[in-house]
Trainee: 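This is the structure I want to talk about, given as structure tokens.
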Amino acid sequence: MNNDQTPPVSNFIRNIVIRDLETGKHDKIITRFPPEPNGHLHIGHAKSICLNFGIAAEFGGTTNLRFDDTNPLKESEDFAQAIMADVRWLGFEWNELRHASDYFHQLYEYAVYLVKTGKAYVDSQDAESMRSSRGTLTEPGTNSPYRDRSVEENLDLFERMKNGEFADGEHVLRARIDMSSSNMNMRDPAIYRIRKVPHHRTGDEWNIYPMYDWAHGISDAIEGITHSLCTLEFEDHRPLYDWFLENIITDCHPRQIEFARGNLDFTVMSKRKLRELVEEGHVSGWDDPRMPTIAGLRRRGYTARSIRNFWKDAGVAKAESIIPMGVLENAVRSDMNEHAPRVMAVLDPVKVVLTNYPEGESEWLQAPSHPQNPEMGTRSVPLGREIWIERGDFMEDPPRKFFRLRPGGEVRLRNAFIIKCTDVIKDADGNIVEIHCEFDPESRSGLPGAARKVKGTIHWVSVEHALDAEVRLYDRLFNVANPLADKEKDYREFLNPHSLDMVQHAKVEPTVGEGQPGDYYQFERVGYFTIDEDSADSAHPVLNRTVSLRDSWAKLNR
RNA sequence: UGGGACGUGGCCAAGUUGGUUAAGGCACGGGGUUUUGAUCCCCGCAUUCGCAGGUUCGAGUCCUGCCGUCCCAGCCA
């Protein structure tokens, strides 16, 4: 299957980079991943991370992690720390850690330069006036009455803005470009606003903070970025990005290239909505295993490798797309199939008594940790007279093609021997409480008799030795593919009430007790499960279902 | 109804400066192996590239028109 060793996939950005290297425009590629520390990273950010770090690494270049921390109202060091942890967990290491705030002085000096060259002015209209004079999509804007202030006055005002002589909103520094531009971004965009609030890195040093457009391109130039990759909604900002770099003095002019975000169905991806889900308690936190956040996926059991492979498979292009959740699920299945040790666990247990097995005795069998990969070794699996099997693996009156246990029928116990159902014990209400079986000693794994063919093989766990586990069965967070499609209804109305199904007393093999949080297993015939961080007691582990196994039997019965 | 962008099979997506059989993955269908109805292995799956014209010996690749979808009117990023 796909893995990191797989050859790179062609895409238009990679082609541009290759060409720039061939033509000698650049001899080293430098990219950056520029998150705003105002929330947690999600699977969509992972696409950008894989792209930025991946493309630089492929061509021997480097990537900086740069926090776009220009809005102290929304940002915090906690988010920054979480973001760094997520990037590293995904498997990437930045060349340099930078912050837009590292450049606040340079950004300010460049702004002064812009004022001096007559290309920026202090506007003293209030926000409302600015909005109304900006025009509309089809009508040009009108010039601010303050647009033609003298350079001296602008310089004085801007400095006083910096010095904290004015209140928030009193003035704003604007670039003097073109109020009638068909591109709204060019209608004298604000480049500095007054915000008399402390910044998580610069404290109360500044009373003014640069806007994204001003800070971003210049930060790129300062760092010598060669290719500034961003998402499609910034396409309209490119003329501004270029205008700024053309109107200050710099010998570096990175190329901004836009690509489409990666959307997934059955979830929401906007930071605002994810925050709402957390703050309103619809999920347990940013790392709730149902969240599309990196932290959530990690806790769910997704491996970093599977996420990288997912984005590699999805590709990079400019067409907006929505990728089925099944594709992401397939990426973990594929990765875990290769690496997860196999183990047996019964989620919905019913007791089976092997009537011809000696009472009071038990034994330890050796079972392969991974049948297709002997190098993963074996583990010891205990077996006794009483075992748990999956309730669904027995039917009194089964439909056609049911290969599991039935009255009088035979089935193989995985890694053990063949058993035959001889009796079914029920309670007063007719519920099955116990199933009696006889085992065939000749059919033990390893013996010649094991070659005997029976139609089905089921998993089981020794009653005496079973660990009592809490298993959390996760499903999609929403019950519709696109929770935002319905304009009449709020996306929260589509939250899937069954996205978490807690199983309190699942029975698992003893081996699982040796695992640590983050370790994952394949529960044979069931799915892939990861030990949760809530797992404190090795005798009572807590496991999250990352994803189920493919189930063509269930599909057949749909 | 201003501007910017996108439209290749169910979902992604590759398609070098037009050259002739339209990659690959996922999904799907069929077959085989199998002590996981998993995995794995075969085979199949767009006479066609949003639509309509045009240029050309030849067009997904060029031109024209049309249709559809997305983004932009924060002192957010």
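Values below: every heavy atom of this structure, side chains too, minus hydrogens, waters and symmetry copies. A note on names: the letters A, B, ... follow the listed sequences, proteins ahead of strands, and every chain is numbered from 1.
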Trainee: Is A/N71 close enough to B/C75 that one of its side-chain N or O atoms is under 4.0 Å from OP1 or OP2 there?
Mentor: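 No, A/N71 has no side-chain N/O under 4.0 Å of OP1/OP2 on B/C75.
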Trainee: Taking atom C1' of B/G2 as reference, at what distance in whole Å does atom CE of A/M184 sit?
Mentor: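 One finds 10 Å between C1' of B/G2 and CE of A/M184, rounded.
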Trainee: Report the nucleotide, chosen from B/C75, B/G3, B/C71, that has the shortest atom-to-atom distance to any side-chain atom of A/A190.
Mentor: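 Out of B/C75, B/G3, B/C71, the nucleotide with an atom closest to A/A190's side chain is B/C75.
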Trainee: Can a side chain N or O of A/R193 be found less than 4.0 Å away from OP1 or OP2 on B/C76?
Mentor: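 Answer yes for this pair, as a side-chain N or O of A/R193 is under 4.0 Å from OP1 or OP2.
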Trainee: Is the number of heavy atoms from other residues, nucleotides or ligands within 6.0 Å of NZ (A/K318) greater than 12?
Mentor: yes
Trainee: With a 3.5 Å cut-off and heavy atoms only, can you find an N or O donor on one side and an acceptor on the other between the side chain of A/Q372 and the base of B/A38?
Mentor: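 Such a pair is found, so the answer is yes.
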Trainee: With a 3.5 Å cut-off and just heavy-atom distances, do the side chain of A/Q522 and the base of B/U36 make a donor-acceptor pair?
Mentor: yes
Trainee: Name the residue closer to the 5' end of RNA chain B, choosing between A/E139 and A/E75 according to the nucleotide with the nearest heavy atom.
Mentor: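 Nearest nucleotide further toward 5': that of A/E139.
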Trainee: With sugar-phosphate meaning primed atoms plus P, OP1 and OP2, does A/L232 contact a base, only sugar-phosphate, or nothing at under 4.0 Å between heavy atoms?
Mentor: nothing
Trainee: As a test of reading the structure: which of B/G7, B/C76, B/A73 is closest to the side chain of A/A319, going by heavy atoms?
Mentor: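 Closest nucleotide to the A/A319 side chain: B/G7.
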Trainee: Just name whichever nucleotide pairs with B/U55, Watson-Crick or G-U, keeping both distances under 3.5 Å, else none.
Mentor: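 Partner of B/U55: none.
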Trainee: B/C70 pairs with which nucleotide, Watson-Crick or G-U wobble, both distances below 3.5 Å?
Mentor: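 Pairing partner, where one exists within any strand: B/G4.
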Trainee: Tell me whether the OP1 or OP2 atom of B/G3 has a side-chain N or O from A/S181 closer than 4.0 Å.
Mentor: no
Trainee: Tell me whether A/K25 at atom NZ has more than 12 heavy atoms from other residues, nucleotides or ligands lying less than 6.0 Å away.
Mentor: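 Counting other residues, nucleotides and ligands, NZ of A/K25 exceeds 12 neighbours.
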Trainee: The test is salt bridge (Lys or Arg N to Asp or Glu O under 4.0 Å); show your working for A/E509 and A/R379 and say whether it passes.
Mentor: CA-CA 10 Å; A/E509 240 182 82; A/R379 87 270 186 191; 2.7 Å; yes
Trainee: Which whole-number value in Å describes the distance from A/L556 CG to B/C28 C1'?
Mentor: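 After rounding, the reported distance stands at 14 Å.
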Trainee: Output yes when at least one side-chain N/O atom of A/R195 is less than 4.0 Å from OP1 or OP2 of B/C76, else no.
Mentor: yes
Trainee: P atom, B/U16 versus B/G10: distance in rounded Å?
Mentor: 23 Å
Trainee: C1' atom, B/U61 versus B/U48: distance in rounded Å?
Mentor: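 These two C1' atoms come out 14 Å apart once rounded.
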Trainee: For A/I323 and B/A27, give me the distance from atom CD1 to atom P, rounded to whole Å.
Mentor: 14 Å
Trainee: Donor-acceptor pair under 3.5 Å: do we get one between A/D551's side chain and the base of B/G37?
Mentor: no
Trainee: In whole angstrom, what separates A/I83's CD1 from B/A77's C1'?
Mentor: 12 Å
Trainee: Any donor-acceptor pair under 3.5 Å joining the side chain of A/H459 to the base of B/A38?
Mentor: no
Trainee: Which base, if any, makes a Watson-Crick or G-U wobble pair with B/G18, both distances under 3.5 Å?
Mentor: none
Trainee: Quick one: do the A/S129 and A/S132 side chains pair a donor with an acceptor below 3.5 Å?
Mentor: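 Result is no, nothing qualifies.
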Trainee: Where the side chain of A/R134 is defined as all heavy atoms beyond and including C-beta, which of B/C6, B/C72, B/G74 is the nearest nucleotide?
Mentor: B/G74
Trainee: So, does A/R342 get its side chain near the phosphate of B/A38, meaning an N or O under 4.0 Å from OP1 or OP2?
Mentor: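 So the side chain of A/R342 is outside the cut-off, no N or O lying under 4.0 Å from OP1 or OP2 of B/A38.
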Trainee: Under 4.0 Å: is that the gap between some side-chain N or O of A/R187 and OP1 or OP2 of B/G2?
Mentor: no
Trainee: Looking at the angle O4'-C1'-N9-C4 for a purine or O4'-C1'-N1-C2 for a pyrimidine, is B/G74 syn or anti, with syn meaning within 90° of 0?
Mentor: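 Syn.
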Trainee: If you check the A/L549 side chain, which of B/A38, B/A14, B/C76 turns out closest?
Mentor: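 Closest of the options to the side chain of A/L549: B/A38.
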Trainee: Check this one for me: any side-chain N or O of A/N11 less than 4.0 Å away from OP1 or OP2 of B/A13?
Mentor: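 Looking at the OP1 and OP2 atoms of B/A13, neither is under 4.0 Å from any side-chain N or O of A/N11.
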Trainee: Surrounding CZ of A/R261 (heavy atoms of other residues, nucleotides or ligands, distance under 6.0 Å), is the total greater than 12?
Mentor: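 For A/R261, atom CZ is not crowded (no more than 12 foreign heavy atoms under 6.0 Å).
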Trainee: Paired with B/A77 by Watson-Crick or G-U wobble geometry, both distances under 3.5 Å: which nucleotide is it?
Mentor: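 Across any shown strand, B/A77 pairs with none.
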Trainee: What about A/R404: does its side chain form a donor-acceptor pair under 3.5 Å with the base of B/G37?
Mentor: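 Yes.
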Trainee: Give a yes/no answer on whether the side chain of A/R333 brings an N or O atom under 4.0 Å of OP1 or OP2 in B/A38.
Mentor: no
Trainee: Would you say a side-chain N or O of A/S552 is under 4.0 Å from OP1 or OP2 of B/A38?
Mentor: yes
Trainee: From C-beta outward on A/R525, which listed nucleotide comes closest to its side chain: B/C72, B/G37, B/A77?
Mentor: B/G37
Trainee: Using the rule side-chain contact (heavy atoms from CB on, under 4.5 Å), only one of A/L347, A/V471, A/L549 pairs with A/V526; which is it?
Mentor: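 Passing option: A/L347.
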Trainee: Can you tell me if A/T31 uses its side chain to pair, donor with acceptor, with the backbone of A/N52 under 3.5 Å?
Mentor: yes
Trainee: Side-chain N or O of A/K555 versus OP1/OP2 of B/C28: is the shortest distance under 4.0 Å?
Mentor: yes
Trainee: Do the charged groups of A/R452 and A/D440 touch, with an N to O distance under 4.0 Å?
Mentor: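 The answer is yes: the pair qualifies as a salt bridge.
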Trainee: Categorize A/P35 for me: base, sugar-phosphate, or nothing, with a 4.0 angstrom heavy-atom threshold over every strand shown.
Mentor: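 Here A/P35 touches no strand at all.
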Trainee: Could you give the distance separating B/U33 and B/A38 at their P atoms, to the nearest angstrom?
Mentor: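 To the nearest whole Å, 14 Å.
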Trainee: Looking at A/R261, I'd like to know whether one of its side-chain N or O atoms comes within less than 4.0 Å of OP1 or OP2 on B/C71.
Mentor: no
Trainee: To the nearest Å, give me how far apart CG (A/N373) and C1' (B/U36) are.
Mentor: 16 Å
Trainee: Applying a 4.0 Å non-hydrogen cut-off, can you work out what A/M211 is touching in the nucleic acid: base, sugar-phosphate, or nothing?
Mentor: sugar-phosphate
Trainee: Which of these passes ring-ring contact (aromatic ring centres under 6.0 Å, His included) with A/Y209: A/F104, A/W214, A/Y192?
Mentor: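 That would be A/F104; it is the only one of A/F104, A/W214, A/Y192 passing the ring-ring contact (aromatic ring centres under 6.0 Å, His included) with A/Y209.
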Trainee: Roughly, in whole Å, what's the span from CG in A/N183 to P in B/G4?
Mentor: 9 Å
Trainee: So, do A/W553 and B/G37 meet the stacking rule of ring centres under 5.5 Å and planes under 30°?
Mentor: yes
Trainee: What distance, rounded to whole Å, do you find between the two C1' atoms, one in B/G4 and one in B/C41?
Mentor: 49 Å
Trainee: Under 4.0 Å, heavy atoms only, any strand: does A/F234 hit a base, just the sugar-phosphate, or nothing?
Mentor: base
Trainee: Hey, does the side chain of A/R550 come within less than 4.0 Å of B/C26's phosphate (OP1/OP2), counting only N and O?
Mentor: no
Trainee: The side chain of A/N330 is closest to which nucleotide in this list: B/G2, B/C26, B/G74?
Mentor: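 Looking only at heavy atoms from C-beta outward on A/N330, the closest nucleotide is B/C26.
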Trainee: Are A/S180 and A/D178 close enough that a side-chain donor and a side-chain acceptor fall under 3.5 Å?
Mentor: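 Checked: A/S180/A/D178 side chains pair up, N/O donor to acceptor below 3.5 Å.
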Trainee: Counting side-chain heavy atoms from C-beta on, which of B/U39, B/C76, B/G4 comes nearest to A/E235?
Mentor: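 Comparing B/U39, B/C76, B/G4 against the side chain of A/E235, the answer is B/G4.
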Trainee: What's A/K453 touching, base or sugar-phosphate or nothing? Going by heavy atoms closer than 4.0 Å.
Mentor: sugar-phosphate
Trainee: Within the structure, does a side-chain N or O atom of A/S10 lie under 4.0 Å from either OP1 or OP2 of B/G15?
Mentor: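 Answer yes for this pair, as a side-chain N or O of A/S10 is under 4.0 Å from OP1 or OP2.
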Trainee: Looking at the side chain of A/D313, which of B/U36, B/A13, B/G25 is the nearest nucleotide?
Mentor: B/G25
Trainee: Checking all strands, does A/F417 fall into the base, sugar-phosphate, or nothing category for heavy-atom contacts under 4.0 angstrom?
Mentor: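 No contact.
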Trainee: Would you mind pulling out the nucleotide paired to B/A27, Watson-Crick or G-U wobble, both distances under 3.5 Å?
Mentor: none
Trainee: Using a cut-off of 4.0 Å on non-hydrogen atoms, how would the nucleic acid contact of A/D68 be classed: base, sugar-phosphate, or nothing?
Mentor: sugar-phosphate
Trainee: Among the nucleotides B/G37, B/C70, B/C75, which one has an atom lying closest to any side-chain atom of A/E320?
Mentor: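 When the side chain of A/E320 is considered, B/C70 is the closest of B/G37, B/C70, B/C75.
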Trainee: Please determine, for B/G60, whether a Watson-Crick or G-U wobble partner exists with both distances under 3.5 Å, and give it or none.
Mentor: none
